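Below: the structure, in structure tokens.
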Amino acid sequence: MTKGNINVSVENIFPLIKKFLYSDHEIFLRELISNATDATLKLKHLTSIGESKSEYGNPVIEVKIDKKGKKLHIIDQGLGMSADEVEKYINQVAFSGAEEFLDKYKDSAKDSGIIGHFGLGFYSAFMVAEKVEIITKSHTDAPAAHWTCDGSPEFTLEASDRTQRGTEIILHIAEDSTEFLEENRISELLSKYNKFMPVPIKFGTKEIDDPEFTPKVTKGEDGKEITEPQKKITVDNIINNPNPAWTKQPTELEDADYKSFYRELYPAQFEEPLFHIHLNVDYPFNLTGILYFPKMTNDLNMQKDKIQLYQNQVYVTDNVEGIVPEFLTMLRGVIDSPDIPLNVSRSYLQADGAVKKISSYITRKVADKLKSLFNENREDFEQKWDDIKIVIEYGMLSEDKFFEKADAFALYPTVDGKFYTYDELFNKIKDTQTDKDGKLVILYASNKDTQHSYIESAKAKGYEVLMLDSPIVSHLIQKLESSKENISFARVDGDHINNLIKKDETAISKLSEEENATLETLLKEVIPQEKFSVQLEASDSDASPFIITQPEFMRRMKE
Ligand code: ADP
Ligand code: MG
């Protein structure tokens, strides 16, 4: 038996860890399961390159509650540790064995998915435990070791009779943390943090229908069919999917696979996503993930179901602010990157070069996807427009790169249900809708009901009227006016419409010139001239005989 002091410079680091290391005590479980996963993946790597004689097999990580003993066990079948390794890796706070491993096996292990790197994760156990034991047997011939520490800098290390390869961590749960002895609480944590980790995680057992058993159907006395009761079997309750969709290649996946992964991510979500974007880069940074465009509705689930950020399949957070451009935070899905610095403030994140690159990569991928969806099936894209326009318009406003790319797919719907791209619209109206300075005037309506007569009157003159009704439309208009050359927008009930050079002057008024003059004088008397202007219509359509408009600047002032 060895006794010694844990190698730290501060007198007692544990109270510090408990208070400050992580604000969320619950992450201790994520950290310990990450270590168990690393131990398993390291062994996998060593056996694959012939550096371990051990048989890899089908290792499982087990989480077990001992309510009576007030203990929580995390057991793995990974590479284990010798007593020397425990001294080296555990007793040296802030020395990361994960980093050391990656350094040693640089090239061959770079895709091994090893999680740890700060060398602090293990000590998060002391946030919830008053005493921690490690019983571990290395994959080598080294004898098993038993380490115990009660949260003071003193530890004991002795021999153990464990023969099975791997490590068992035993947490003696502290009085103030007994919630972590509740099955429901642990279940909740496992499904939050560990749902997609790469090594199977067992938590208890469950009953399922015996797949080998087909119930017999017999006829009862009354002639009714009686089905024999289904035979049940007890199996391990594996809480995770070790091979989630985003870790696969897009070519391996069908549309249905993406949809079923969406349900896996958001089990409470009934609405199907509109489409997905598979992210996959390894240079100049590592990033995988799947983003989904949901139907943009006003339901409250919108707020709840957010993009989740993972690091090597370990859930980190659903606050992706700073990593994903703001206009895309309305999407759902998963982003997984080992290159996002996590334990740092958000403002630092926004300034980080790698993170900036990630954000602009995501913007570009989304723009590319929208473009290809538009090109592949325009009709379908038009149908989805109402559900996706808010994201696209918001993106056009907030990201200049996206604004440029959006010309390829942003749509401008008309009051008649047609959809134009900007170029199409431009070509359609460039000869018919200009003012005397040759400026293009784009007419639009924002409400089909209240602006009905104005819309009809403009249509009767052969003008195209757009239907722009999203909440940010006035900002979008300003953006377009300042970015595109020589254009202005005019709402159908604004007075700009009067500045349009009329192409078709042949329409004849139903009123005589004299009647026209009388009507005009009359109207001008009753309508306040400083607020509105009156135009008599020369038109043979069913449109109104006259229109009252408001100066555009006055209208915009009110918005
Ligand atoms: P990190 O995971 O960032 O390296 P930790 O504090 O979480 O730091 O763990 C420290 C080291 O202890 C690990 O790198 C590893 O070498 C060792 N270790 C911890 N848990 C286990 C385990 N279950 N099996 C084998 N080694 C482990
Ligand atoms: Mg760790």
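Note that ligands are numbered from 1 as they come in the structure, with each ligand's atoms numbered from 1 the same way. The model shown is predicted, which means the values in this text are computed figures rather than measured ones.
Residue contacts with ligand 1 do not include Glu31, since none of its heavy atoms lies under 4.0 Å from the ligand.
Using a 4.5 Å cut-off on side-chain heavy atoms (C-beta onward), Arg165 and Gln77 make contact.
Asp209 places no side-chain N or O within 3.5 Å of a backbone atom of Pro211 that could act as its donor or acceptor partner. Formation of a donor-acceptor pair under 3.5 Å by the Asn237 side chain with backbone atoms of Gly204 is not found in this model. Judged purely by atom type and a 3.5 angstrom limit, Tyr292 uses its side chain to pair as donor or acceptor with the backbone of Tyr258.
At under 3.5 Å, not a single nitrogen or oxygen of Asp38, backbone or side chain, sits near a nitrogen or oxygen of ligand 1. Geometrically, ligand 1 and Tyr123 share no nitrogen or oxygen pair separated by less than 3.5 Å. At least one N/O-N/O distance between Phe122 and ligand 1 falls below 3.5 Å.
Between Phe381 and Phe409, the ring planes are perpendicular. Angles over 60° get that label, and only those under 30° would be called parallel.
Contacts of Met81 with ligand 1, taken as heavy-atom pairs under 4.0 Å, involve the side chain alone. Contacts between Ile90 and ligand 1, counted as non-hydrogen atom pairs separated by less than 4.0 Å, involve the side chain only. Contacts with ligand 1 closer than 4.0 Å are made by no heavy atom of Ile169, backbone or side chain. Residue contacts with ligand 1 for Lys42 involve side-chain atoms from C-beta outward but no N, CA, C or O (heavy atoms, distance under 4.0 Å).
Here the shortest heavy-atom distance to atom 9 (O) of ligand 1, taken over Asn35, Leu32, Thr136, belongs to Asn35.
In summary, an N, O or S atom of Asn35 is located under 2.8 Å from the Mg ion (ligand 2).
Counting atoms of ligand 1 from 1 in the listed order, those under 4.0 Å from a heavy atom of Gly121 are 5 (P), 6 (O), 7 (O).
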